[in-house]
Amino acid sequence: MRGDGKVFTLAQVSEHNTPKDCWLIINDKVYDVTKYLKDHPGGDEVLLSATGKDATDDFEDVGHSDSARDMLEQY
Ligand code: HEM
């Protein structure tokens with residue numbers, strides 16, 4: 001699990017699971033989606049429910065568009 005070249009444990013990422021501080025793990029990268037919660041077309045609750053675990057399958061299952069994938073790189 002990496003973000004900005006840092007390596008995090010799942011336990012560390014799991015601590016960021018609130019609307020004020022929300023991290024997601026997708027494809028082995030850690031994304032801080034706190035600022036995106038209110039803008040996510042799928043709503044903030046699904047993002048919060050995907051914290052504290054590998055969210056890759058959730059992200060893929062929804063069939064996110066290429067533009068949604070590109071957005072990942074901003075976070
Ligand atoms: C940083 C991660 C994510 C980004 C950037 C993102 C971005 C987006 C975008 C742009 C859309 C609009 C449709 C599209 O372009 O595909 C969307 C829709 C949606 N997303 Fe995400 N998403 C993220 C994570 C997730 C996760 C982890 C879940 C599930 C737990 C999720 C569930 C949904 C759902 C259910 C919709 C459909 C909403 C609807 O059509 O009413 N998303 N997302």
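Positions are given from 1, in the same order as the sequence printed here. Atoms within each ligand, like the ligands themselves, are counted from 1 in listed order.
Residue contact annotation: Tyr31 has no non-hydrogen atom under 4.0 Å from ligand 1.
In Leu47, the part holding a heavy atom less than 4.0 Å from any atom of ligand 1 is the side chain. When non-hydrogen atoms are compared, ligand 1 lies under 4.0 Å from the side chain of Met71 (C-beta onward) but not from its backbone.
Each of Val13, Ile25, Asp58 was scored for a side chain to side chain contact (heavy atoms under 4.5 Å, CB included) with Lys53, with one residue passing: Asp58.
Per-residue contacts place Leu72 under 4.0 angstrom from the following atoms of ligand 1 (heavy atoms of the residue considered): 1 (C), 2 (C). Near Val33, meaning under 4.0 Å from any of its heavy atoms, are these atoms of ligand 1: 1 (C). Listed by atom number, the atoms of ligand 1 under 4.0 Å from Ser65 heavy atoms are 14 (C), 15 (O), 16 (O).
If you chain together hydrophobic residues whose side chains sit under 4.5 Å apart, Trp23 and Leu10 fall into the same group.
Of the candidates His40, Arg69, Glu45, His40 brings a heavy atom nearest to atom 42 (N) of ligand 1. Selection from Pro41, Ala68, Gly63, Ala50 by nearest heavy atom to atom 11 (C) of ligand 1 gives Pro41. Nearest-residue assignment for atom 18 (C) of ligand 1 (options Ala55, Gly42, Gly43; heavy-atom criterion): Gly42. Considering only non-hydrogen atoms, atom 35 (C) of ligand 1 lies nearest to Val62 out of Val62, Asp58, Asp39.
By the 4.5 Å heavy-atom criterion applied to side chains, Gln12 and Val7 are not counted as neighbours. Using a 4.5 Å heavy-atom cutoff, the side chains of Val30 and Leu24 are not in contact.
Between the CG atom of Asp44 and the OG atom of Ser49 there is a distance of 10.0 Å, given to the nearest 0.5 Å. Of the inter-residue distances, the one linking Asp54 atom CG with Ile26 atom CD1 reads 8.5 Å to the nearest 0.5 angstrom.
At least one donor-acceptor pair closer than 3.5 Å links the side chain of Thr34 to the backbone N or O of Cys22.
Closest of all the heavy-atom pairs between Leu48 and Asn17 is CD2-O, 3.8 Å.
Considering backbone and side-chain N/O of Ser49, none are found under 3.5 Å from N/O of ligand 1.
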